[in-house]
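The next block holds one structure in the form of structure tokens; read it before the comments.
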Amino acid sequence: MTAIVDNRPPVWLLVGTGMLCTLVTVVFARLAYGLILPAMREDLGLSYPQAANLGTVTAMGYLVLVMAAGMIAARFGARLTILSGLALAIASFVGLALSTSYTLLLLLMVMLGFATAFAYTPLISLLGAWYPEKRGAVIGMANSGVGLGMLFSGLVVPLIMSRFPITGWRYTWGLFAVLGALTLLLAWFSLRNPPALERNTDQAGRKDKGVYRNPHVIVMGLIYGLVGLTYIVQSIFMVSFALESSLSTEFAGSLVALMGLLSVFAGPAWGWAADRMGHARALLICSSLSAIGTLLPVLWPDALGFGLHYFLLGISVTGLFTSILAASTTTVMPQHAAVAVSFVTLFFAIGQLAGPAAAGLLIASTGGFRTTFILSSWLMVASMGLCWLSGYTVRK
């Protein structure tokens with residue numbers, strides 16, 4: 001055991017690489033689309049339902065492979081799976097920068113969903129396996145890559161768009177490809193598979209089935225599904241709502257950057273707080289802040305309303321992610337933690353699949369964004385009820 005500990009990668013290198021992998025395969029591949037969407041939609045002449053479908057198929061690709069990715073990583077190693085996910089993301093970024101065909105765009109966005117599935121869940125498992133005694137800390141810090149990515153995207157993407165109003169969205173995808181290639185190079189040299197755990201696979205398989213019937217895990221999955229649905233809708237359409245409300249592209253980008261900056265610190269901070277106050281209470285607080293933040297631009301579609309929205313989501317959303325992933329493992333055996341994480345992530349993927357398409361149709365039918373975000377805020381209220389319920393499905 002001492003030899004294994006001595007041979008572990010330095011935690012700063014492992015976490016730093018994990019943050020960059022998260023940045024590329026979660027932010028660039030999924031969340032930054034909302035910033036690129038307005039210029040991309042205008043240049044290609046896409047309708048809102050068509051634009052939403054691009055986000056939907058990305059979520060579909062993620063959903064299709066999120067469970068399989070864990071099994072592939074178990075057989076061939078997390079390192080190879082993560083590297084494959086990064087390579088797939090890079091190829092998709094290059095294709096998006098060059099494509100003019102809507103059909104090809106759909107295929108490339110599906111590939112981005114595949115890339116996220118291949119990279120993110122195996123990455124979380126790899127980090128936790130190397131540092132099980134610091135599982136919450138290393139996962140929380142790796143998830144800070146989401147905040148860093150949103151900070152970077154919020155600052156850089158509007159700048160590119162202002163310099164190149166017509167083709168800036170293509171240059172943005174190209175920039176993501178370059179940064180993804182650098183991350184792939186770093187991951188190639190710094191990531192190593194942890195030593196395999198010895199266990200009886202037949203017995204473990206029978207026990208794994210119990211995870212799917214665990215009431216607490218199921219509740220966590222339902223919460224994560226609602227979070228996935230509402231957050232992806234916010235990520236894709238809130239910038240468009242802000243622009244329609246006469247805010248400038250630069251100001252909207254600065255708000256996204258603010259959210260990213262806050263998220264860098266919010267994830268680890270909420271992980272620390274949840275361990276002390278209880279995951280149910282932490283989730284309830286974060287859900288409440290998200291629900292209020294989602295409703296504010298509907299009530300006040302001005303700089304203050306949107307500013308408060310991005311502030312409240314910046315201090316709460318990564319807290320939801322970190323707390324849910326941590327809470328999902330509290331009522332299962334340690335060797336089944338990865339199964340629980342994959343299971344609740346499946347709900348998240350389903351929510352992200354349903355959200356963009358439903359929102360696109362709702363926006364097109366109502367002629368605006370207000371109804372969509374009112375519904376999103378009510379769904380977050382529903383998640384608050386589930387957070388309260390989760391306190392009764394686990395003994396603190």
Side-chain angles (χ1 to χ4, degrees), residues 21-66 68-69 84-121 146 149-150 153 157 160-161 167-181 183-184 228-229 231-240 345-346 348-361 363-364:
C21 291
T22 301
L23 185 153
V24 171
T25 59
V26 175
V27 179
F28 291 172
R30 301 295 304 279
L31 304 181
Y33 175 58
L35 282 168
I36 303 172
L37 171 60
M40 187 175 176
R41 189 181 71 84
E42 183 176 353
D43 186 33
L44 297 177
L46 303 177
S47 66
Y48 276 113
Q50 284 180 315
N53 286 339
L54 292 176
T56 298
V57 296
T58 307
M60 182 176 66
Y62 182 56
L63 173 63
V64 167
L65 288 185
V66 67
S84 299
L86 286 168
L88 195 57
I90 295 165
S92 302
F93 294 149
V94 173
L96 287 166
L98 301 175
S99 178
T100 57
S101 166
Y102 182 67
T103 302
L104 181 57
L105 289 174
L106 287 170
L107 175 61
L108 292 167
M109 294 296 280
V110 171
M111 288 172 57
L112 285 181
F114 292 166
T116 305
F118 265 79
Y120 183 67
T121 302
V146 174
M150 295 305 294
S153 299
V157 173
I160 296 175
M161 298 302 177
T167 58
W169 65 272
R170 295 187 183 275
Y171 296 146
T172 300
W173 288 121
L175 176 62
F176 290 173
V178 172
L179 296 177
T183 301
L184 175 61
L229 190 155
Y231 184 54
I232 195 64
V233 169
Q234 185 275 148
S235 298
I236 292 176
F237 292 112
M238 189 58 75
V239 170
S240 296
T345 303
L346 184 64
F348 181 78
I350 293 172
Q352 291 207 318
L353 175 63
L361 291 174
I363 291 167

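By convention here, the first residue in the shown sequence is residue 1. Nothing here was measured: the structure is a model prediction, and the numbers come from that model.
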Please name all residues satisfying side-chain contact (heavy atoms from CB on, under 4.5 Å) with [X], sequence neighbours left out, ordered by chain then number.
{"X": "Arg41", "result": "Leu37, Leu46, Tyr48, Ala51"}
{"X": "Ser84", "result": "Leu80, Phe118"}
{"X": "Val57", "result": "Met60, Leu106, Met109, Val110"}
{"X": "Thr25", "result": "Leu86, Ala119"}

Atom pair [atom1] ([X]) and [atom2] ([Y]), whose distance is rounded to the nearest 0.5 Å:
{"X": "Leu54", "Y": "Ile36", "atom1": "CG", "atom2": "CD1", "value": "11.5 Å"}
{"X": "Tyr33", "Y": "Leu112", "atom1": "OH", "atom2": "CG", "value": "11.0 Å"}
{"X": "Thr116", "Y": "Leu88", "atom1": "OG1", "atom2": "CG", "value": "9.0 Å"}
{"X": "Ser47", "Y": "Ile363", "atom1": "OG", "atom2": "CD1", "value": "11.0 Å"}
{"X": "Ile160", "Y": "Tyr171", "atom1": "CD1", "atom2": "OH", "value": "10.5 Å"}
{"X": "Leu96", "Y": "Thr172", "atom1": "CG", "atom2": "OG1", "value": "11.5 Å"}

Evaluate the side-chain proximity of [Y] to [X]: yes if any heavy-atom separation is below 4.5 Å, no if none is.
{"X": "Thr183", "Y": "Leu23", "value": "no"}
{"X": "Leu44", "Y": "Gln50", "value": "no"}
{"X": "Leu35", "Y": "Met161", "value": "no"}
{"X": "Leu63", "Y": "Ile350", "value": "yes"}

Search all heavy atoms of [X] against all heavy atoms of [Y] and return the closest pair with its distance.
{"X": "Ala364", "Y": "Pro49", "value": "CB-CG, 3.9 Å"}
{"X": "Thr100", "Y": "Arg170", "value": "CG2-NH2, 3.2 Å"}
{"X": "Val239", "Y": "Pro38", "value": "CG1-CG, 4.5 Å"}
{"X": "Leu104", "Y": "Ser99", "value": "CD2-OG, 3.4 Å"}

What pairs with [X] under ring-ring contact (aromatic ring centres under 6.0 Å, His included), at least two apart in sequence or on another chain?
{"X": "Tyr231", "value": "Phe321"}
{"X": "Phe176", "value": "Phe28, Phe93, Trp173"}
{"X": "Tyr102", "value": "none"}

Handout entry: Residue pairs involving residues 54-63 (criterion side-chain hydrogen bond (donor to acceptor under 3.5 Å, both in side chains); sequence neighbours excluded)
Key =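 Sorted pair list comes back empty.
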
Handout entry: Residue pairs, two or more places apart or on separate chains, that pass side-chain hydrogen bond (donor to acceptor under 3.5 Å, both in side chains) and touch residues 86-98
Key =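 Not a single pair qualifies under side-chain hydrogen bond (donor to acceptor under 3.5 Å, both in side chains).
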
Exercise for the section: Check whether any side-chain N or O of Glu42 sits under 3.5 Å from a backbone N or O of Ala39 as a donor-acceptor pair, and report yes or no. Expected result: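 Checked: no pair found.
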
